[in-house]
Amino acid sequence: MNVLVIGSGAREHALVRALSLDPSVDAVHAAPGNPGIAQLARCEPLPGGVTDADAVLDLARRVEAGLVVVGPEAPLVEGVADVLRGAGIPCFGPSSAAARLEGSKSFAKEVMSAADVPTGMAHVCTTDEQVREALDALGAPHVVKDDGLAGGKGVVVTGDRESALEHARGCLARSGGRVVVEEFLDGPEVSLFCVCDGRTVLPLAPAQDFKRVGAGDSGPNTGGMGAYSPLDWAPDGLAADVTERIARPVLEEMARRGTPFVGVLYVGLALTARGPRVIEFNVRFGDPETQVVLDRLRTPLGGLLLAAATGTLAEVPPLRWADEHAVTVVVAADGYPAAPRTGDPVTGLEHAPDASEEAYVLHAGTALDADGRLVSAGGRVLSVVGRGRTLAQARARAYAAVAAVDLPGSHHRPDIAERAERGEVTLPG
Ligand code: AMP
Ligand code: GLY
């Protein structure tokens, strides 16, 4: 089977890496990919971007793809999976209608309410006045979310009412301006990727993401600055519990509506004193959590995603996992997330302990310049993965590899998985 992966980040590099280790996969193609992905897969340009469904379909036919895996949310929301499936090409990723679970936070709330899924109280607002009322009704800390896609940057959590109002005004000012004001959910956050074929749910291993740009969870939200898995502090049976109480009811509700969900239902949770509560749904693999989850998955990925894409997930044997820990640290460009600088040379990758597989560098925002040198081309530039028998060993290996690479002005969080290593992550109540 030939597999085509759509996207160009470290998540897609991790997908390509895992797919290329699957003996049932003959060739991996990626579009548009990046210079790191190009070492494992044939990269194809998509001049119209990843949302150009006709171009993706042409490409899938040309490379004789038996499976297309769509990485980012935008092409899913735009209906790329519908076009592929319509042409008879198995696609791992939801239809445009099902992708609304991520594309619209108010739609996700409506589905959760219909499926009786535990989440925070929320008010959907379209005016300044409604926002004020909602802020007063729910109290501080305030959580204000842009209704639509915002690349992980549409959410503000703040104790300051004025900042909350200001963010809400910005969201309302955009076309179709709608904003969700939500109850603050207190407790450690978990990302759980549930692989779905429309009926059956298979959860992967839980991971934790670090969304804030700075050490100690300071500064603004980003797409994600690092992750680790497994979560030794999480309650036993968490994945099974979330599958039964959240993922399966949502899948049933989506099927009932005639819009079955195929792909990854990414459940973002807060483990509160009252139990797990949904913070958000995404309809794709998370970045950077995918880097650590796939590092540990021993079940061949291509077969698993093909089963989901073709409705045969119930026949897949129990997933196998490496009894190891994985940590990823994102190396971000100068100025990320506000105004990332691009075009800086990325060097030292040959010094990162790649061949040993104890640590390796996945590319995100990288490109080759006119002279063929590797340069930065985005906010999150690299995602460095370390693996070990213990979390401490995995962290040490990841940070040693980070130290080997050089990108002028770059920054990374020094404390990814640090509190977990110290046993300081605790559940409330
Ligand atoms: P989202 O885009 O919905 O994932 O939100 C981004 C981040 O904002 C989450 O990962 C949380 O850290 C934080 N956040 C979102 N909603 C809430 C909430 N209701 N309570 C506490 N923190 C939240
Ligand atoms: N890691 C957060 C996301 O992928 O949205």
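Counting starts at 1 for both ligands and their atoms, following the listed order.
- Residue contacts with ligand 1, taken as heavy atom pairs separated by less than 4.0 Å, involve Asn221 solely via side-chain atoms from C-beta onward.
- Between Asp209 and ligand 2, a contact under 3.5 Å exists for at least one N or O pair.
- The CG atom of Leu15 sits 11.5 Å away from the CZ atom of Arg284 when rounded to the nearest 0.5 Å.
- Counting heavy atoms closer than 4.0 Å to ligand 2, residue Arg284 contributes side-chain atoms (C-beta onward) but none from N, CA, C or O.
- Within ligand 1, counting atoms from 1 as listed, the ones closer than 4.0 Å to a heavy atom of Lys145 are 3 (O), 15 (C), 16 (N).
- Backbone and side-chain nitrogen or oxygen atoms of Lys211 are examined, and none is located within less than 3.5 angstrom of a nitrogen or oxygen of ligand 2.
- A heavy-atom distance below 4.5 Å is not found between the side chains of Arg380 and Pro337.
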Apply the test salt bridge (charged side-chain N to carboxylate O under 4.0 Å, His left out) to residues Lys109 and Glu182: give CA-CA distance (whole Å), side-chain angles for both, the deciding distance (0.1 Å), then the verdict. CA-CA 10 Å; Lys109 284 289 183 193; Glu182 195 173 276; 3.0 Å; yes
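- Listed here is the closest heavy atom pair of Ile246 and Val267: CG2-CG1, 4.0 Å.
- Listed by first and then second residue, the salt bridge (Lys or Arg N to Asp or Glu O under 4.0 Å) pairs involving residues 398-418 are Asp217-Arg413, Arg413-Asp415, Glu418-Arg422 (not counting sequence neighbours).
- The residue among Met225, Glu289, Glu280 with a heavy atom at the shortest distance from atom 1 (N) of ligand 2 is Glu289.
- Considering backbone and side-chain N/O of Val157, none are found under 3.5 Å from N/O of ligand 1.
- Residue Arg11 has no N or O atom closer than 3.5 Å to an N or O atom of ligand 2.
- Near Leu185, the atoms of ligand 1 lying under 4.0 angstrom from a non-hydrogen atom of the residue are 18 (C), 19 (N), 20 (N), 21 (C).
- For atom 4 (O) of ligand 2, the candidate residues are Asp287, Val330, Thr290; the nearest heavy-atom contact is made by Asp287.
- Separation of atoms OG1 (Thr290) and CG (Asp295) is listed at 12.0 Å; rounding is to 0.5 Å.
- Proximity to Asn282 (heavy-atom distance under 4.0 Å) selects the following atoms of ligand 2: 5 (O).
- The aromatic rings of Phe210 and Tyr228 are tilted relative to each other, their planes meeting at an angle between 30° and 60°.
- The two residues Ala14 and Leu362 come nearest to each other via the heavy atoms CB-CD1, 3.9 Å.
- Under the 4.0 angstrom criterion for non-hydrogen atoms, Lys105 is in contact with ligand 1.
- Residue Glu189 approaches ligand 1 through these ligand atoms, each under 4.0 Å from one of its heavy atoms: 9 (C), 10 (O), 11 (C), 12 (O).
- Atoms of ligand 2 found under 4.0 Å from any heavy atom of Gly223 (numbered from 1 in listed order, with element): 1 (N), 2 (C).
- Asn221 is listed as a side-chain neighbour of Arg212, based on a closest heavy-atom distance under 4.5 Å.
- In the vicinity of Val143, heavy-atom distances shorter than 4.0 Å reach the ligand 1 atoms 16 (N), 17 (C), 18 (C), 19 (N), 20 (N).
- Under the 3.5 Å distance criterion, the side-chain polar atoms of Arg397 are left unmatched by any main-chain donor or acceptor of Ala359.
- Close contacts between ligand 1 and Phe184 involve ligand atoms 20 (N), 21 (C) [criterion: under 4.0 Å to a heavy atom].
- Taking every non-hydrogen atom of Gly286 and a distance limit under 4.0 Å, the qualifying atoms of ligand 2 come out as 4 (O).
- The shortest side-chain heavy-atom distance between Val111 and Arg257 falls under the 4.5 Å cut-off.
- Between Tyr266 and ligand 2 there is a heavy-atom distance shorter than 4.0 Å.
- Selection from Asp186, Val155, Asp146 by nearest heavy atom to atom 5 (O) of ligand 1 gives Val155.
- Contacts between Glu183 and ligand 1 below 4.0 angstrom, taking non-hydrogen atoms only, involve the backbone exclusively.
- Around atom CG of Asp116, no more than 12 heavy atoms belonging to other residues, nucleotides or ligands sit under 6.0 Å away.
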